[in-house]
Amino acid sequence: MVQVDIDIAKCTGCAHCRDVCPVNVFELRPASEVPDVVDDPAIAAKFQFRGEKSLAVHGPECIVCEACLFECEGECILITDDEHNVHFSVYK
Ligand code: SF4
Ligand code: SF4
């Protein structure tokens, strides 16, 4: 089963992942509903945090198209495929 992980402290809430994912893996939730998360200062220096966080609510549906990995401005998505290969976010 494919596993989609998000380093939630780095998630800016940009929603790019949700917008590009063809199988609706991601949902955005208010950051206030995600407990004990402190925004990453290194990401804050580059991007605006928008008050939401992305959750991979349908991670097992991922088809490893990698679209989200190139659109994630926080570079915080990590996907482990069926063969245990790990795919990292690289923002353009
Ligand atoms: S790699 Fe997976 S989670 Fe990312 S956009 Fe493609 S299907 Fe969605
Ligand atoms: S693309 Fe990355 S930074 Fe933007 S909402 Fe999704 S996980 Fe968060």
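First listed ligand is number 1; within each ligand, the first listed atom is number 1. One-based numbering along the sequence shown. Nothing here was measured: the structure is a model prediction, and the numbers come from that model.
Side-chain N or O atoms of Glu75 include one that pairs as donor or acceptor with a backbone N or O of Tyr91 at under 3.5 Å. Ser89 contributes a side-chain N or O that, together with a main-chain N or O of Ile77, makes up a donor-acceptor pair within less than 3.5 Å.
Here Cys76 fails the criterion, with no N, O or S atom under 2.8 Å of atom 8 (Fe) of ligand 2.
Atoms of ligand 2 lying under 4.0 Å from at least one heavy atom of Cys11, given by number and element, are 3 (S), 5 (S), 7 (S), 8 (Fe). Less than 4.0 angstrom separates some heavy atom of Gly74 from each of these atoms of ligand 2: 3 (S). Which parts of ligand 2 touch Thr12 is read off a 4.0 Å heavy-atom cut-off, strictly below it: atoms 3 (S), 8 (Fe). For ligand 2 and Ala15, the ligand atoms under 4.0 Å from any heavy atom of the residue are 4 (Fe), 5 (S). For ligand 2 and Cys14, the ligand atoms under 4.0 Å from any heavy atom of the residue are 1 (S), 3 (S), 4 (Fe), 5 (S).
Near ligand 1, residues Cys21, Pro22, Val23, Val25, Phe26, Cys62, Ile63, Val64, Cys65, Glu66, Cys68, Ile79 each place a heavy atom inside the 4.0 Å sphere around the ligand atoms.
One distance of note links OG of Ser54 with CD1 of Ile6; it measures 3.5 Å at 0.5 Å rounding.
Checked against salt bridge (Lys or Arg N to Asp or Glu O under 4.0 Å), Glu27 has the following partners two or more places apart in sequence or in another chain: Arg29.
Applying the side-chain hydrogen bond (donor to acceptor under 3.5 Å, both in side chains) test to residues at least two apart or on different chains, the pairs with a partner in residues 35-46 are Asp39-Lys53.
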Solution key, residues 12-23 side-chain donor-acceptor pairs under 3.5 Å, sequence neighbours excluded:
{"from": "Thr12", "atom 1": "OG1", "to": "Cys14", "atom 2": "N", "distance (Å)": "3.3"}
{"from": "Thr12", "atom 1": "OG1", "to": "Arg50", "atom 2": "NH1", "distance (Å)": "3.3"}
{"from": "Thr12", "atom 1": "OG1", "to": "Glu73", "atom 2": "OE2", "distance (Å)": "2.6"}
{"from": "His16", "atom 1": "ND1", "to": "Glu71", "atom 2": "O", "distance (Å)": "2.9"}

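Counting heavy atoms from C-beta on, the side chains of Leu55 and Ile8 come closer than 4.5 Å.
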### Task
Could you walk me through whether Val2 and Val64 pass side chain to side chain contact (heavy atoms under 4.5 Å, CB included), step by step?
CA-CA 8 Å; Val2 178; Val64 200; 4.0 Å; yes

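Nearest heavy-atom pair across Asp81 and His87 is OD2-NE2, 2.9 Å.
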